[in-house]
Amino acid sequence: MLLSRLLPLALSLAGAALSVVIPETDYDVIVVGGGPAGLSVLSGLARVRRKAVIFDSGHYRNDPTREMHDVIGNDGTPPAVFRAAARAQIANYSTASFIDNEITSIVPVNHTNATTFFRATDSTGAEYTARKVVLATGLIDVLPSTPGLIEGFGKGIFWCPWCDGYEHRDQPFGILGTLPHIVSSVLEIYTLNTDIIAFVNGSYTDEYVSTLTSSYPNWQAQMSAYNISIDNRTIESFERIQDGGENRNDQGQQFDKFLVHFTEGDPVERNAFLTNFETAQRSSLPYDLGLAMQGGKIDTSINPGMRTSLPGVFAVGDCNSDGSTNVPHAMFSGKRAAVFLHVEAAREESAAAISKRSLSTRALQKEAERAMGDDLEKLWAKIKA
């Protein structure tokens, strides 16, 4: 691989030495977001003694959830307990820092030929500099304003069957969302529940039927095969009549109970619901930085290693476009970004160290290429193995 493709260096005339300088910054890396993704980045960087800091706004997508599930070794751990334990462990590394403020702006500063450079400002007005930035800013679930829905979210009303479905297995169940989403929801949940009603809230229209039929031509037969009922009445409110956090059994089931009230007719009782509502970026930073987006997510398909379209900026966890939103994925993406960040920074530092020596242009290029080795995807493959 040519050096010119790996580092923003301008080779001097033959026989001359390069002048490449790594700027002094407060941190090597600023991580924005203190959930599992951001914590995983900080842990990975601390393990190789990179000076890095997490800015934690105190807002997390899974905060309403009673417990995390499908997180090996932490099945049933409340999210806040998990974060506190992770922070306590990472705090043992001298190069890792935590600042419990929100980052309000990040500005690229282009005055070096050796590395990227950023200036970040937090909610107190304090400024910080770093060579690299990781956005672990997450998503928000855009919930309707239906009374009782937000209050029940994460506690009997959930969006991820892997995260919360097993605790509500074999119970009267509901699906919330527009008609085109019901088949995919049924396919996710039918191994856990058999008494299922899809509450489509007035969306059983010719337009939505056509949309669903284009994706699933036999959707009506599928609904019949699984004995799925469809209720098209307009939902007025959700009323909690039992709290599953206080009503459990020894097999781990949580017995929430809700009444679904409609603008007409009798209410329906259900124990739990799977939702299909839109999401949005929690932070405006991806848009402020002009990052390429993909379906409302930060596009990380352009470059390997959780890189975004802006050099020096990485995106991990729910906010990125790599197609998964859960705690194990968040931790994986954070670790992956930490590896790529460290090696990218190391290559920059290697080039700067080499440039201080009096080498010919050709010798300089060969030494830099030798120091860099194979590309990062091969390195990542070794780490995974």
Side-chain angles (χ1 to χ4, degrees), residues 35-37 39-40 60-86 138-139 141 143 148-177 181-199 222-223 225-229 231 238-260 268-277 279 317-318 323-333:
L39 290 166
S40 183
Y60 319 95
R61 188 182 184 190
N62 70 350
D63 218 23
T65 305
R66 291 186 183 116
E67 299 146 0
M68 303 186 313
H69 294 283
D70 201 21
V71 183
I72 295 173
N74 281 280
D75 197 50
T77 301
V81 174
F82 174 83
R83 291 191 301 270
L139 298 174
D141 293 278
L143 302 179
L149 179 60
I150 294 175
E151 293 83 352
F153 195 64
K155 301 173 180 64
I157 303 176
F158 54 87
W159 60 268
C160 173
W162 287 270
C163 305
D164 297 284
Y166 188 75
E167 285 63 47
H168 299 91
R169 64 194 182 277
D170 301 321
Q171 299 174 15
F173 197 78
I175 294 171
L176 303 176
H181 293 105
I182 64 173
V183 175
S184 59
S185 295
V186 168
L187 294 178
E188 289 181 349
I189 207 72
Y190 82 95
T191 56
L192 293 171
N193 305 88
T194 55
D195 177 3
I196 302 173
I197 300 175
F199 299 96
Q222 289 177 296
M223 296 299 99
Y226 292 125
N227 197 30
I228 309 299
S229 301
D231 194 325
F238 295 86
E239 178 188 359
R240 179 184 292 281
I241 57 176
Q242 183 167 289
D243 188 339
E246 300 172 357
N247 293 270
R248 307 172 182 237
N249 64 18
D250 294 338
Q251 289 74 50
Q253 286 178 293
Q254 300 174 10
F255 295 96
D256 294 278
K257 287 186 181 180
F258 297 86
L259 286 178
V260 187
V268 175
E269 183 179 312
R270 297 280 95 178
N271 286 81
F273 303 87
L274 179 67
T275 68
N276 281 286
F277 300 123
T279 60
D318 286 9
S324 186
T325 53
N326 53 60
V327 173
H329 157 263
M331 295 169 67
F332 156 80
S333 65

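For the numbers below, each heavy atom of this structure counts, side chains included, while hydrogens, waters and symmetry mates do not. This chain uses plain numbering: 1 for the first residue, then up along the sequence. Keep in mind that this is a model prediction, so the values were computed, not measured.
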Keeping to residues at least two apart or across chains, list the salt bridge (charged side-chain N to carboxylate O under 4.0 Å, His left out) pairs with something in residues 165-174. none

Does some side-chain heavy atom of E188 sit less than 4.5 Å from a side-chain heavy atom of L274? yes

When rounded to the nearest 0.5 Å, the distance separating CD of E239 from CD of E269 is 10.0 Å

Can you list everything that forms a side chain to side chain contact (heavy atoms under 4.5 Å, CB included) with T275? Sequence neighbours excluded, please. F153, I157, W159, L176, F277

Kindly indicate whether the side chain of T279, heavy atoms from C-beta on, has any atom under 4.5 Å from the side chain of R61. yes

Closest contact, heavy atoms only, S324 versus D318: O-OD1, 4.4 Å

Taking every heavy atom of H329 against every heavy atom of N326, the minimum-distance pair comes out as N-OD1, 2.7 Å

Nearest 0.5 Å, what's the CD1-CZ distance between I196 and R270? 9.0 Å

Between Q254 and R66, is there a side-chain heavy-atom distance shorter than 4.5 Å? yes

Is F255 atom CZ crowded by more than 12 heavy atoms from other residues, nucleotides or ligands, each under 6.0 Å away? yes

Value for CZ (R240) from CG (L259), rounded to nearest 0.5 Å, stands at 11.5 Å

Correct closest heavy-atom pair for G245 and R248 would be O-NE, 3.1 Å

Side chains of R83 and D63 in contact at under 4.5 Å (non-hydrogen atoms): yes

Partners of I72 by side chain to side chain contact (heavy atoms under 4.5 Å, CB included), sequence neighbours excluded? none

Hey, are the side chains of F82 and M68 touching, using non-hydrogen atoms and a 4.5 Å cut-off? yes

Exam field: side chain S40 to backbone A37, donor-acceptor pair closer than 3.5 Å: no

Please lay out, stage by stage, how Q222 and V186 fare under the test side chain to side chain contact (heavy atoms under 4.5 Å, CB included). CA-CA 9 Å; Q222 289 177 296; V186 168; over 6 Å; no

Verdict with supporting geometry, D231 and S229, side chain to side chain donor-acceptor pair (under 3.5 Å): CA-CA 7 Å; D231 194 325; S229 301; over 6 Å; no

Using side chain to side chain contact (heavy atoms under 4.5 Å, CB included), reason through N62 and V327 one step at a time and then give a plain yes or no. CA-CA 9 Å; N62 70 350; V327 173; 3.9 Å; yes

Spacing of CG belonging to L192 relative to CG belonging to D164, to within rounding of 0.5 Å: 11.5 Å

I need the minimum non-hydrogen distance between G317 and S333, along with the two atoms involved. N-OG, 2.9 Å

If we count only N and O atoms by modelled type, under 3.5 Å, do the side chains of D256 and H168 hold a donor and an acceptor together? yes

Which of these, D195, N271, I189, sits in a side chain to side chain contact (heavy atoms under 4.5 Å, CB included) with F173? I189

Check this for me: K257, atom NZ, are more than 12 non-hydrogen atoms of other residues, nucleotides or ligands nearer than 6.0 Å? no

Please identify each residue that fulfils ring pair (Phe, Tyr, Trp, His ring centres under 6.0 Å) with F273, with sequence neighbours left out. F238, F258

With a 4.5 Å heavy-atom cut-off, do V268 and I197 have their side chains touching? yes

Give every residue pair that meets the salt bridge (charged side-chain N to carboxylate O under 4.0 Å, His left out) criterion with at least one member in residues 70-82, sequence neighbours excluded. none

Any residue meeting ring pair (Phe, Tyr, Trp, His ring centres under 6.0 Å) with Y190, in chain and number order, not counting sequence neighbours: Y226

